[in-house]
Amino acid sequence: MTDSTLTAAGAGPAMPANVEELAQRLPGFISGARWFWWIAGLSAVNVACDLAHANVNFVLGLAFTLLAHGAFESNIAVALVIDALFIGGFWFVGQQAQKGRTWAFAAGVVVYLLDGLIYLKYQDWMPVAFHALALFYIGRAFMSLQAAKKATGIR
């Protein structure tokens, strides 16, 4: 964050009024928070590919959806409900993270970290690497928001 990003009133743009406005002004913050949407979207594509019996899988997607389809192979409706909960949850977390909600980052990171540990257990290294990359960018966005909140005194 540079001094020109957040300046006092009268010296440029007015100070942000709240966390959401602050988050919208931070360079790179929105793209970091939107990783949750990428996870949700690519997980949805993975589910569609699984339903189509295609041997395609995006590494950024969720292992939880893959496990659901394996565990409930004979009852696809249950697997789809689990898919909807995880995909919808990540979409919602992404929406809230873009507004600067700390809880959204915490919840999303914890669930995605647990998801990455599933891939780690099965030694599927490419998804582990991409989970780490996504968590890095999500964490970077969160840390930039925390620094900006501290610099501006916004809670």
Side-chain angles (χ1 to χ4, degrees), residues 1-50 56-69 79-122 124-155:
M1 174 175 63
T2 62
D3 289 337
S4 63
T5 306
L6 304 167
T7 56
M15 285 293 281
N18 54 41
V19 173
E20 187 172 348
E21 191 176 314
L22 176 65
Q24 301 302 313
R25 291 187 188 188
L26 285 176
F29 174 80
I30 294 298
S31 63
R34 283 187 179 159
W35 274 87
F36 292 117
W37 279 0
W38 279 105
I39 295 164
L42 292 175
S43 295
V45 172
N46 285 347
V47 167
C49 289
D50 187 59
V56 178
N57 194 26
F58 286 99
V59 294
L60 197 60
L62 294 168
F64 289 123
T65 60
L66 296 174
L67 289 177
H69 283 257
L80 291 174
V81 168
I82 294 169
D83 295 340
L85 290 173
F86 277 101
I87 292 167
F90 268 88
W91 179 85
F92 180 70
V93 163
Q95 181 186 41
Q96 296 303 305
Q98 290 175 63
K99 294 178 181 180
R101 307 283 199 288
T102 300
W103 68 264
F105 279 97
V109 165
V110 166
V111 173
Y112 201 56
L113 182 61
L114 292 172
D115 190 78
L117 291 175
I118 293 169
Y119 283 118
L120 185 65
K121 179 186 181 329
Y122 291 102
D124 196 351
W125 302 115
M126 189 68 80
V128 169
F130 273 90
H131 274 59
L133 180 69
L135 289 168
F136 169 78
Y137 283 112
I138 291 167
R140 195 166 90 174
F142 176 75
M143 296 305 286
S144 73
L145 179 62
Q146 295 305 93
K149 284 168 57 176
K150 185 177 180 182
T152 60
I154 294 175
R155 290 246 157 232

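If you're wondering where the values come from, they're calculated on a predicted model, not measured in any experiment. Side chains are part of it too, since the values below use all heavy atoms of this structure and drop only hydrogens, waters and symmetry mates.
Scored by the side-chain contact (heavy atoms from CB on, under 4.5 Å) test, Val81 finds Leu85 as partners (sequence neighbours excluded). Partners of Ile30 by side-chain contact (heavy atoms from CB on, under 4.5 Å), not counting sequence neighbours, listed by chain and number: Gln24, Arg34, Gln98. For Phe136, the side-chain contact (heavy atoms from CB on, under 4.5 Å) partners two or more places apart in sequence, or in a different chain, are Arg140. Partners of Tyr122 according to the ring pair (Phe, Tyr, Trp, His ring centres under 6.0 Å) rule, which considers only residues two or more places apart in sequence or in another chain, do not exist here. Evaluation of the salt bridge (charged side-chain N to carboxylate O under 4.0 Å, His left out) rule for Glu21 yields Arg25 as partners, not counting sequence neighbours. Here Phe142 pairs with Phe105 under the ring pair (Phe, Tyr, Trp, His ring centres under 6.0 Å) rule; sequence neighbours left out. Applying the side-chain contact (heavy atoms from CB on, under 4.5 Å) rule to Ser31 yields no partners; only residues at least two apart in sequence or on another chain are considered. With sequence neighbours excluded, no residue satisfies ring pair (Phe, Tyr, Trp, His ring centres under 6.0 Å) with Phe130.
No side-chain heavy atom of Arg101 sits less than 4.5 Å from a side-chain heavy atom of Val93. Side chains of Asp124 and Val59 form no contact here, defined as non-hydrogen atoms less than 4.5 Å apart.
Looking at every heavy atom in both residues, Ala104 comes nearest to Ala97 through CB-N, 3.6 Å. Ala79 and Ala68 get closest at one heavy-atom pair: CB-O, 3.6 Å.
Panel note: side chain Ser144, backbone Phe29; no donor-acceptor pair is recorded below 3.5 Å.
Residue pairs meeting the side chain to side chain donor-acceptor pair (under 3.5 Å) criterion with at least one member in residues 79-94, sequence neighbours excluded: His69-Asp83.
Other residues, nucleotides and ligands contribute more than 12 heavy atoms inside 6.0 Å of the CH2 atom of Trp37.
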_Let's go through Leu80 and Val47 carefully: what are the C-alpha distance in whole Å and the side-chain angles of both, what is the deciding distance for side-chain contact (heavy atoms from CB on, under 4.5 Å) to 0.1 Å, and is it a yes or a no?_
CA-CA 8 Å; Leu80 291 174; Val47 167; 4.0 Å; yes

Could you pull out all donor-acceptor pairs under 3.5 Å where a side-chain atom in residues 109-120 meets a protein atom, sequence neighbours excluded?
{"from": "Tyr112", "atom 1": "OH", "to": "Leu60", "atom 2": "O", "distance (Å)": "2.8"}
{"from": "Tyr112", "atom 1": "OH", "to": "His131", "atom 2": "ND1", "distance (Å)": "3.3"}
{"from": "Asp115", "atom 1": "OD1", "to": "Ala63", "atom 2": "N", "distance (Å)": "2.7"}
{"from": "Asp115", "atom 1": "OD1", "to": "Phe64", "atom 2": "N", "distance (Å)": "2.9"}
{"from": "Asp115", "atom 1": "OD2", "to": "Ala63", "atom 2": "N", "distance (Å)": "3.0"}
{"from": "Asp115", "atom 1": "OD2", "to": "His131", "atom 2": "NE2", "distance (Å)": "2.6"}

